[in-house]
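Let me begin by presenting the structure, written as structure tokens, before commenting on it.
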Amino acid sequence: MSRLDSFIRRLEAQRRILDWAAAAIDGRGGHVLELGLGNGRTYDHLREILPGRMIHAFDRQAKANPRSMPSDDMLVLGDMERTLPAFVERHGRDAALIHVDATTGVPERDRIHLAWLPGHVAALAQDDALIVSGSALEHPELTAVALPDGVPEGRYFAYRRMAAPG
Ligand SMILES: C[S@@+](CC[C@H](N)C(=O)[O-])C[C@H]1O[C@@H](n2cnc3c(N)ncnc32)[C@H](O)[C@@H]1O
């Protein structure tokens, strides 16, 4: 498969899984978090399908298309290794939906540079929160769940955060 085909399939899978995730959290309170604002494409889609919902977006720098730029109070800039724990301290473990899209597209590189990410995601997520991710997240508190129809295994990943003991 050419890289163009692969890119198109990745975008289709992203749209499908975000639509599915948004429907799954309907009526449920809690933050929606976009980890990896980038160009702002998936952030823009999330805000379209979750109207009225507060969506915080994270990235090292604000480089999104101006049409997809979150307001200052919804944008958290800096290295997520540091900004995610600070967000938990401020808001608690309250995310209902987390979209993780911090990948560089090179899994071997991600495994090293983003080794801390699964633990930070688990620390943000409320019990039974839904986490959808472009890369696999291995953490004892994150349980893999079946993907929606049309999203091939391995192209995207979905997890529920297990209830904290006690
Ligand atoms: C694949 S892009 C995101 C694409 C975006 N969701 C979109 O649809 O346009 C990944 C983003 O994650 C960000 N990122 C990766 N590691 C990060 C880190 N440790 N802290 C903050 N941002 C990070 C990169 O700066 C990059 O913008």
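Values in this document were obtained by computation on a predicted structure and should not be read as measured data. These values consider heavy atoms only, across backbone and side chains, with no hydrogens, waters or symmetry-generated copies. Each ligand, and each atom within it, is numbered from 1 in the order the structure gives.
Proximity of Q14 to ligand 1 is not established, as no heavy-atom distance is less than 4.0 Å. Distances from ligand 1 to the non-hydrogen atoms of G78 include at least one value under 4.0 Å. Proximity of T104 to ligand 1 is not established, as no heavy-atom distance is less than 4.0 Å.
Interface of E34 with ligand 1, defined as ligand atoms under 4.0 Å from a residue heavy atom, comprises 6 (N). For ligand 1, the atoms lying closer than 4.0 Å to a non-hydrogen atom of N39 are 9 (O).
A donor-acceptor pair under 3.5 Å links the side-chain atoms of R53 to the main chain of G30, judged by distance alone.
On a distance-only criterion, D59 and ligand 1 share at least one N/O pair closer than 3.5 Å. Considering backbone and side-chain N/O atoms, Y43 never comes within less than 3.5 Å of an N/O atom of ligand 1. The distance criterion of under 3.5 Å between nitrogen or oxygen atoms is not met by L114 with respect to ligand 1. No N or O atom of E81 sits closer than 3.5 Å to an N or O atom of ligand 1. For ligand 1, none of its N or O atoms has an N or O atom of R10 under 3.5 Å away. Among the atoms of H99, none of the N or O lies under 3.5 angstrom from an N or O of ligand 1. The distance criterion of under 3.5 Å between nitrogen or oxygen atoms is not met by W116 with respect to ligand 1. Backbone and side-chain nitrogen or oxygen atoms of M80 are examined, and one is located within less than 3.5 angstrom of a nitrogen or oxygen of ligand 1.
When H45, R60, K63 are ranked by how near their heavy atoms come to atom 18 (C) of ligand 1, first place goes to R60.
Inter-residue side-chain proximity for I131 and R161 is flagged as met; some heavy-atom pair is nearer than 4.5 Å. At a threshold of 4.5 Å between non-hydrogen side-chain atoms, the residues Q14 and D101 count as touching.
Across D149 and R16, no two heavy atoms sit closer than the pair O-CD, 3.1 Å.
Scanning the protein for heavy atoms near atom 2 (S) of ligand 1, the closest one is D101 O, 3.7 Å.
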